[in-house]
Amino acid sequence: MKTSITYLLLLFCAAVFAQSDISVTVEKKTPLKADRFIGIDKYEAVYYLKNKTFIKTSTTETKEFSDFQLGNIGSVDILNPLAITIFYPDYTTAVILDNNLNEIRRISFAMEP
């Protein structure tokens, strides 16, 4: 009986002291003034659309890409931040950008005779 109480007390002490302290930090929140929020990549860069312009904001800099001739941006793929794909549905065209938002390739899906 004494050994079972000792084991129970030992188990209780281990459970109590096994918890680690949780620290809470307060972060500064700033509102995002954008037409459409795209997402945040694994490098913590924020992507959004404002006035037909695709914008990438990181902790150190802000970069922009726009091509007003192609119209409104339909969708953006940021799964690979080194090759971002923007699709323009008005002209069925996809534009692939590098991480500095420079154009790598433009692909047109329009049917040509």
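Remember, it's a predicted structure, so these values are computed and weren't measured experimentally. The figures that follow rest on heavy atoms only: side chains count, while hydrogens, waters and symmetry mates do not.
- Contact check for Thr57 versus Tyr48: side-chain heavy atoms found under the 4.5 Å cut-off.
- A side-chain contact (heavy atoms from CB on, under 4.5 Å) with Leu70 is found for exactly one of Thr92, Ile86, Val95, namely Val95.
- Evaluated for a side-chain contact (heavy atoms from CB on, under 4.5 Å) with Phe65, the options Asn102, Ile55, Ile73, Leu97 yield exactly one hit, Leu97.
- Distance alone, capped at 3.5 Å, is enough to place a donor-acceptor pair between the Asp35 side chain and the Asn51 backbone.
- Taking every heavy atom of both residues into account, Val46 and Ile40 meet most closely at CG2-CG1, 4.1 Å.
- Residue Ile96 is not grouped with residue Val76 when hydrophobic side chains (ILVMFWY) are merged at heavy-atom distances under 4.5 angstrom, including chains of intermediate members.
- Taking the side chain as every heavy atom from C-beta outward, Pro81 and Asn99 never approach each other to under 4.5 Å.
- Between Asn100 atom CG and Glu61 atom CD the span is 7.0 Å, to the nearest 0.5 Å.
- In this structure, Ser108 and Tyr91 approach most closely via the heavy-atom pair OG-O, 4.5 Å.
- Side-chain heavy atoms closer than 4.5 Å link hydrophobic residues (I, L, V, M, F, W, Y) into clusters, and following such links, even through other members, never connects Leu82 to Ile104.
- Between Lys56 and Asp41 there is no salt bridge, since none of the side-chain N atoms of the basic residue sits less than 4.0 Å from a carboxylate O of the acidic one.
- Between Lys50 and Lys33, the shortest heavy-atom distance links the atoms CD-O, 3.4 Å.
- Looking only at side-chain heavy atoms (C-beta outward), Lys52 and Asp67 stay at 4.5 Å or farther from each other.
- Atoms CG and OG, on Leu49 and Ser75 in that order, are 10.0 Å from each other to the nearest 0.5 Å.
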Assess the residue pair Ile84 and Leu101 against the criterion (side chain to side chain contact (heavy atoms under 4.5 Å, CB included)); give the C-alpha distance rounded to whole Å, side-chain angles, the decisive distance to 0.1 Å, and a yes or no. CA-CA 8 Å; Ile84 300 166; Leu101 301 187; 3.9 Å; yes
Report the C-alpha distance between Phe68 and Thr53 in whole Å, list the side-chain angles of each, state the deciding distance to 0.1 Å, and finish with yes or no for side chain to side chain contact (heavy atoms under 4.5 Å, CB included). CA-CA 8 Å; Phe68 296 115; Thr53 303; 4.0 Å; yes
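- Aromatic ring pairs are classed by plane angle as parallel below 30°, tilted from 30° to 60° and perpendicular above 60°; the pair Tyr47 and Phe54 is parallel.
- More than 12 heavy atoms of other residues, nucleotides or ligands lie within 6.0 Å of CZ in Phe37, so this atom counts as buried by the packing criterion.
- The pair Glu103-Arg105 fails the salt-bridge criterion, with no side-chain N (NZ, NE, NH1 or NH2) lying under 4.0 Å from an Asp/Glu carboxylate O.
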